[in-house]
Amino acid sequence: MKGSDAEILGVLDDLLKEDDVLVAMLARKGFQGTYDPTKFKLQDVRIWSALQSTMNEFFDIIEKFAGTGLDKVYFELGEYEAMFFIINQMDVALIVIIPALANKGLLEVEVENARRSITRMIGV
Amino acid sequence: MLEAAVGVSRNWDPFIAGMDVAEKVLSKLSAEPKFVLLFATIHYEKNGGFERLLAGFHSKLPPNVPLVGGTVSGATTPDGCFTRGAFAAAVSGDKVEALPSIGFNVKRDPRAAAARCADGARAVSCRGERKTKFTFANVSNGTIPPMPFFGRKRILRMPFGRVALLFLETVGSFMQYGVGRETEFFNEFSKRMPDSTILFASNYDNNRSLSNYQFFNHEVHMNAAAAMSIAVDADFVTNATFGLKPTNVKFKISHVGLHGCSFGRVDGKNATNRVCELLGWPEGYLNEYVYRRTYYYPLVSSHDGMIYPHVMGLFIGHHVVCTYKFDTDDIEVYSASGSSMLGAVKENLEMIPKDKKPVLGLGVECTARLEALGSEINKVRDEMDKTFKGAPYLVVYTAGEGLYKPGKPASFFNESFILSTLLV
């Protein structure tokens, strides 16, 4: 895969500078992702644990939607919302967690910009 | 000769962003610009960021080039769609001249602010030798007021909503919190600029309605209005489109207050409850998320052959507060969808005459549409690219939009897409 971790972390760091972006990471199947947990602002560790423990199953499920045009997946998790922007035909995803009351539409525009940058970096 | 350029900077440092966006714009022009419109998202607010943004911009801009602008929630440009950054448009050439003007205290006395702003702008607008007079004006939008004991909230469950509204109407207006009073400003401003087409925008932040700023040359202001009056030997074609559909849910409002922006009764009943009932919203639906829902159900008043969509922004007791003044008491609920919003962009672009070449597209689009479309806003850019074919354009996302054409009434809206295209 092209694109250094440093470049990708730079894009994720830009997202994490937004007040309402609590987590931004690039996940691959097996949770071998690119992220810097020291910059995460998520207080609720249960969500992070759930993400770690279900990531393989998540990719297994979304792979079944290959060819259907699946592009984004949203989980409403009480006070938080997790957005999965799929990259590279279902085996990589940009994951962002925001507060449920955040301005999701505006943030989504920048998450989409981040996805496009990462897609260019990894040469999909 | 008439040239235009649009630039974007994504740098987080305000001074560098200012320099960067100035360099990008100036590098695309072969002559010194006659005017610049500069916009930025609220991200630069901290630590005097907007002053530094302007300082950075002016460090690259030749002296005495007029500049106005303000904060917006985002922008669509040929470089992409963004909800963070600094965005500028500039025009140069011997066919154009421009003059900036400013008015102050728009929430306290919008008519006086409009008079001052228009007096400054008329010097160019009234010059008879140019073919077209066009004015871009941006004005401070409303902010959610900090209510004693409640803080800043969109839903205030209280028994005496009318008292809170009176507080807002008096103390709030004096302190310049609460509704923006843009319609009062715009009506007066357009009366004083009768021969100029006016594209009007309400400055905004990142959809939190906490603060917004206006830029005027080297200065940063709050609760102000800044305008750029332009005279040009070319055509500016300006149209507003909506993409809204009537639902046939109609009602009559009364107990209007807060400068005409709120109502306490719907068909003689408690307005908050009755609106929820008419929209089929279950109990509990009315929470701090509400603005995500009200975007899709604008309250529309109609007159002079135009529709005027209002977004419900606050619920104070049984009073519903919208973003601008109601001119009629007969209301119909309209609805919007993602595809109808994109349809409004296509409809607007089709109205641009095809026998002339676009030099610059300058658009204002409601932030409600941006929040509703999310990343799908890139489809707006795709449509703009198809029409502008490499020519620059800048669509900024605002809290409200307005349009005045000579001989027609001034119209202020929410949920609209208004595009002015400079054509040669």
Side-chain angles (χ1 to χ4, degrees), chain A residues 7-22 24 26 36 39 41 69-87 93-121 124, chain B residues 8 10-13 17 41-46 72-77 79-85 152-155 204-210 287-293 295-296 336 338 341 365-382 395 397-399:
Chain A
E7 284 178 310
I8 293 168
L9 285 171
V11 174
L12 299 176
D13 191 38
D14 260 355
L15 277 181
L16 284 161
K17 283 180 186 162
E18 296 275 359
D19 290 343
D20 280 337
V21 173
L22 307 177
L26 191 70
D36 180 355
K39 294 191 172 162
K41 294 166 267 178
L70 181 67
D71 187 52
K72 303 176 193 100
V73 178
Y74 301 97
F75 288 173
E76 291 190 5
L77 306 164
E79 291 179 15
Y80 303 98
E81 186 156 349
M83 302 191 276
F84 293 70
F85 279 49
I86 314 297
I87 300 174
L94 171 61
I95 302 174
V96 170
I97 299 178
I98 62 173
L101 283 175
N103 288 301
K104 180 178 155 191
L106 268 67
L107 290 170
E108 246 196 49
V109 176
E110 290 304 330
V111 178
E112 177 63 28
N113 285 332
R115 169 163 69 172
R116 290 178 183 206
S117 295
I118 292 169
T119 303
R120 278 194 297 273
M121 285 171 186
V124 180
Chain B
V8 174
R10 305 269 290 148
N11 202 296
W12 281 90
D13 182 280
T41 57
I42 201 71
H43 296 79
Y44 300 110
E45 183 178 35
K46 289 174 190 163
V72 293
S73 58
T76 289
T77 74
D79 291 332
C81 302
F82 309 100
T83 53
R84 172 180 64 77
R152 291 178 191 263
K153 289 194 168 177
R154 291 176 192 268
I155 313 294
Y204 207 22
D205 58 10
N206 52 351
N207 211 16
R208 292 179 179 177
S209 303
L210 298 180
N287 56 29
E288 291 289 317
Y289 288 95
V290 72
Y291 65 101
R292 285 194 192 166
R293 294 163 184 139
Y295 286 161
Y296 293 97
M341 289 179 190
E365 181 169 7
C366 189
T367 296
R369 295 165 53 92
L370 174 63
E371 177 63 26
L373 286 169
S375 58
E376 297 298 308
I377 202 75
N378 282 284
K379 289 180 178 162
V380 170
R381 179 190 165 213
D382 294 342
V395 178
Y397 293 92
T398 57

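Throughout, a chain's letter reflects where its sequence line sits, starting with A, and its residues are numbered from 1.
For Asp14(A), the parts lying near chain B are the backbone and the side chain together; criterion is any non-hydrogen pair under 4.5 Å. Of the two parts of Lys72(A), only the side chain, counted from C-beta on, holds a non-hydrogen atom closer than 4.5 Å to a non-hydrogen atom of chain B. Heavy atoms of Arg115(A) lying under 4.5 Å from chain B are absent altogether.
Counting heavy-atom pairs closer than 4.5 Å to chain B, the top-ranked of the candidates Asp20(A), Val111(A), Leu107(A) is Asp20(A).
Ring geometry for Phe84(A) versus Phe75(A): interplanar angle of 30 to 60°, hence tilted.
Side-chain atoms of Tyr397(B) and Thr83(B) include no donor-acceptor pair closer than 3.5 Å.
In this structure, CD1 on Ile377(B) lies 11.0 Å from CG on Asp382(B), to the nearest 0.5 angstrom.
One finds a salt bridge joining Arg10(B) and Glu110(A) here, because a Lys/Arg side-chain nitrogen approaches an Asp/Glu carboxylate oxygen to under 4.0 Å.
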